[in-house]
Participant: 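Okay, here's the structure, questions in a sec.
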Amino acid sequence: MYKFTMDFNCGRGAYANINHLVNTYGIPNTVVEIGIFEGSTTFWISDELTKYNEKLKIYAIDPHVGSIDLPDDPNLVHKNFMHNLHECKNKNVSYIRKHSEFALLDLIYDGVKAELIYIDGDHRASEVLTDLVLSWKILVKGGVILCDDASVWKYTDQNGTSSAQMAPKMAVDAFIQCNWHKLNIIHLPDMSQTAFIKL
């Protein structure tokens with residue numbers, strides 16, 4: 001049985017959006033998830049999508065260190081993720097315990113290509129922009145990037161800091177503008193997230 005310390009009702013939006021993307025663009029062979037926390041989305045993807053593609057591979061990236069986004073004890077979060085990884089019956093999740101920049105560079109070097117990339121890691125605009133630029137190199141043509149918390153200009157961290165630079169939206173909007181001729185925006189059921197397909 002999976003173990004989660006946080007109420008993930010907010011994750012329902014991600015589930016609805018991923019379902020929409022899969023129903024529209026097909027079941028992926030490879031998923032990259034940046035920012036996994038205890039793995040609620042990771043293992044939901046594994047449990048749901050493996051039913052339709054037994055060859056599904058998921059790369060789950062998270063350094064599991066302290067974060068300005070979350071007040072939770074990183075050691076407990078990591079312990080719960082490892083428990084959940086052990087409980088995952090499909091055994092198709094590869095855990096990469098690194099900062100996303102270095103993990104994505106490794107995947108690029110290894111020639112990994114993904115049809116779906118879910119970005120929900122460090123919420124600072126500068127870090128999200130790095131994640132987007134590197135993820136783009138992994139994404140296949142016709143593949144989709146889904147970005148969490150990308151609809152508001154102010155994101156408040158656990159210290160009460162709130163600014164545009166703390167919000168993923170600044171990075172997501174800038175990336176879309178720079179690559180406008182290479183992508184199409186996707187309308188999603190839950191508009192708190194943003195998704196686009198690579199042309």
Side-chain angles (χ1 to χ4, degrees), residues 1-53 56-65 67 69-72 74 76-100 103-104 107 112 114-123 127-128 131-132 134-135 138-139 143-151 155 168-169 172 186 188-197:
M1 178 180 289
Y2 294 135
K3 184 186 298 182
F4 303 114
T5 58
M6 186 181 286
D7 178 5
F8 271 91
N9 284 332
C10 59
R12 290 180 181 169
Y15 304 159
N17 286 339
I18 292 169
N19 266 329
H20 173 74
L21 294 172
V22 167
N23 289 334
T24 305
Y25 301 103
I27 304 294
N29 292 311
T30 302
V31 175
V32 175
E33 183 181 3
I34 300 167
I36 56 175
F37 197 64
E38 293 172 327
S40 65
T41 306
T42 311
F43 301 115
W44 178 84
I45 290 172
S46 177
D47 291 342
E48 291 300 313
L49 300 192
T50 305
K51 297 173 187 176
Y52 308 102
N53 182 0
L56 177 69
K57 179 72 175 174
I58 302 167
Y59 293 94
I61 299 170
D62 200 310
H64 282 124
V65 296
S67 169
D69 293 336
L70 297 166
D72 305 81
L76 176 60
V77 171
H78 178 255
K79 180 180 177 181
N80 287 343
F81 174 79
M82 294 306 295
H83 167 84
N84 296 336
L85 182 63
H86 178 75
E87 290 293 307
C88 182
K89 62 178 183 265
N90 298 311
K91 307 304 177 189
N92 56 0
V93 176
S94 290
Y95 172 44
I96 305 175
R97 191 177 187 183
K98 292 184 178 182
H99 286 281
S100 57
L104 289 167
L107 294 181
V112 170
E115 292 83 18
L116 176 62
I117 300 176
Y118 181 36
I119 299 178
D120 186 20
D122 191 320
H123 280 59
E127 298 299 317
V128 175
D131 288 343
L132 284 164
L134 294 176
S135 293
I138 294 169
L139 192 69
V144 173
I145 291 180
L146 175 66
C147 302
D148 193 44
D149 296 320
S151 64
Y155 179 87
K169 182 171 175 57
V172 173
I186 299 169
L188 296 170
D190 186 318
M191 297 301 291
S192 68
Q193 299 184 321
T194 297
F196 44 87
I197 185 168

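Residues take their numbers from the sequence shown, with the count starting at 1.
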Participant: Roughly how far, to the nearest 0.5 Å, is CD1 of I117 from CG of L104?
Facilitator: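 So the gap between those two atoms works out to 7.5 Å.
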
Participant: Which pair of non-hydrogen atoms, one from V144 and one from A195, has the smallest distance, and what is that distance?
Facilitator: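 Closest heavy-atom pair between V144 and A195: CG1-CB, 4.2 Å.
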
Participant: Quick one: are V65 and H99 in side-chain contact, heavy atoms under 4.5 Å?
Facilitator: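 V65 reaches H99 side chain to side chain.
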
Participant: Using ring-ring contact (aromatic ring centres under 6.0 Å, His included) as the criterion, list what pairs up with H78, not counting sequence neighbours.
Facilitator: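 Applying ring-ring contact (aromatic ring centres under 6.0 Å, His included) to H78 gives H64, Y95.
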
Participant: Tell me every residue that passes salt bridge (charged side-chain N to carboxylate O under 4.0 Å, His left out) with K79, counting only those two or more places apart in sequence or in another chain.
Facilitator: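 Testing K79 for salt bridge (charged side-chain N to carboxylate O under 4.0 Å, His left out), a comparison that skips the adjacent residues, returns none.
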
Participant: Could you go through the side-chain contact (heavy atoms from CB on, under 4.5 Å) check for L21 and L188 one step at a time?
Facilitator: CA-CA 8 Å; L21 294 172; L188 296 170; 4.0 Å; yes

Participant: Taking side-chain hydrogen bond (donor to acceptor under 3.5 Å, both in side chains) as the definition, give me every residue that meets it alongside N53, ordered by chain and number, with sequence neighbours left out.
Facilitator: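 Applying side-chain hydrogen bond (donor to acceptor under 3.5 Å, both in side chains) to N53 gives N29.
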
Participant: Test of understanding: with salt bridge (charged side-chain N to carboxylate O under 4.0 Å, His left out), list the residues that count as partners of K57, not counting sequence neighbours.
Facilitator: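 With neighbours one apart ignored, the set is empty.
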
Participant: For the CG atom of L132 and the CD1 atom of I145, what is their distance to the nearest 0.5 Å?
Facilitator: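 Going from the CG atom of L132 to the CD1 atom of I145 covers 5.5 Å.
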
Participant: After noting the C-alpha distance and the side-chain angles of E115 and I27, does the key distance pass the side-chain contact (heavy atoms from CB on, under 4.5 Å) rule?
Facilitator: CA-CA 8 Å; E115 292 83 18; I27 304 294; over 6 Å; no

Participant: Looking only at non-hydrogen atoms, find the nearest pair between A103 and I96 and report the distance.
Facilitator: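 Answer, listing the atom of A103 first, then I96: CB-CG2, 3.6 Å.
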
Participant: Could you give the distance from NZ (K91) to NE2 (H86), rounded to the nearest 0.5 Å?
Facilitator: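 Result: 6.0 Å between the selected atoms.
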
Participant: To the nearest 0.5 Å, what is the distance between CD1 (I58) and OG (S94)?
Facilitator: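 One finds 9.0 Å between CD1 of I58 and OG of S94.
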
Participant: Run the side-chain hydrogen bond (donor to acceptor under 3.5 Å, both in side chains) test against S100 and tell me which residues pass, sequence neighbours left out.
Facilitator: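 Per chain and number, S100 pairs via side-chain hydrogen bond (donor to acceptor under 3.5 Å, both in side chains) with D131.
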
Participant: Looking only at heavy atoms, what is the nearest atom pair of D120 and H123, with distance?
Facilitator: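 Answer, listing the atom of D120 first, then H123: OD1-CE1, 3.5 Å.
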
Participant: If we ignore hydrogens and angles and just use 3.5 Å, is the side chain of N84 paired with the main-chain N or O of K3 as donor and acceptor?
Facilitator: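 Yes: the side chain of N84 pairs with the backbone of K3.
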
Participant: Quick one: pull up CG in D149 and CD in Q193 and give me the separation to the nearest 0.5 Å.
Facilitator: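 D149 CG to Q193 CD: 7.5 Å, rounded to 0.5 Å.
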
Participant: What residues form a side-chain hydrogen bond (donor to acceptor under 3.5 Å, both in side chains) with E33, not counting sequence neighbours?
Facilitator: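 Partners of E33 under the side-chain hydrogen bond (donor to acceptor under 3.5 Å, both in side chains) test: T42.
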
Participant: Show your working on side-chain contact (heavy atoms from CB on, under 4.5 Å) between I36 and I61 and close with a plain yes or no.
Facilitator: CA-CA 7 Å; I36 56 175; I61 299 170; 5.9 Å; no

Participant: With sequence neighbours excluded, tell me which residues meet ring-ring contact (aromatic ring centres under 6.0 Å, His included) with F43.
Facilitator: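 Scan of F43 (ring-ring contact (aromatic ring centres under 6.0 Å, His included), adjacent residues dropped) gives Y2, F81.
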
Participant: Answer yes or no: is there a side-chain heavy-atom contact under 4.5 Å between Y25 and I186?
Facilitator: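 Yes. Closest side-chain heavy atoms under 4.5 Å.
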
Participant: Can you name the nearest heavy-atom pair linking S46 to L56, along with the distance?
Facilitator: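 Heavy-atom minimum between the residues: CA-CD2, 4.4 Å.
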
Participant: Between I18 and T41, is any pair of side-chain heavy atoms under 4.5 Å apart?
Facilitator: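 Yes, side chains in contact.
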
Participant: For A150, check side chain to side chain contact (heavy atoms under 4.5 Å, CB included) against everything at least two apart and list the hits.
Facilitator: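 Only C147, V172, T194 meet the side chain to side chain contact (heavy atoms under 4.5 Å, CB included) criterion with A150.
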
Participant: Can you sort out the partners of E87 under salt bridge (charged side-chain N to carboxylate O under 4.0 Å, His left out), two or more places apart, ordered by chain and number?
Facilitator: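 If we apply the salt bridge (charged side-chain N to carboxylate O under 4.0 Å, His left out) test to E87, skipping adjacent residues, there are no hits.
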
Participant: With sequence neighbours left out, write down each residue that passes side-chain hydrogen bond (donor to acceptor under 3.5 Å, both in side chains) with T24, or none if nothing qualifies.
Facilitator: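 In terms of side-chain hydrogen bond (donor to acceptor under 3.5 Å, both in side chains), with neighbours along the sequence ignored, T24 is linked to no residue.
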
Participant: Considering only heavy atoms from C-beta outward, does the side chain of I34 approach that of S135 to under 4.5 Å?
Facilitator: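 They are in contact (side-chain heavy atoms under 4.5 Å apart), so the answer is yes.
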
Participant: Go through the steps to decide whether Y118 and N17 satisfy the test side-chain contact (heavy atoms from CB on, under 4.5 Å), and finish with yes or no.
Facilitator: CA-CA 11 Å; Y118 181 36; N17 286 339; over 6 Å; no

Participant: Consider only side-chain N and O atoms of T50 and N92, and report whether a donor and an acceptor are under 3.5 Å apart.
Facilitator: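 Distance-only check passes for T50 and N92.
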
Participant: Between F4 and N80, is any pair of side-chain heavy atoms under 4.5 Å apart?
Facilitator: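 No - every pair of side-chain heavy atoms lies 4.5 Å or more apart.
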
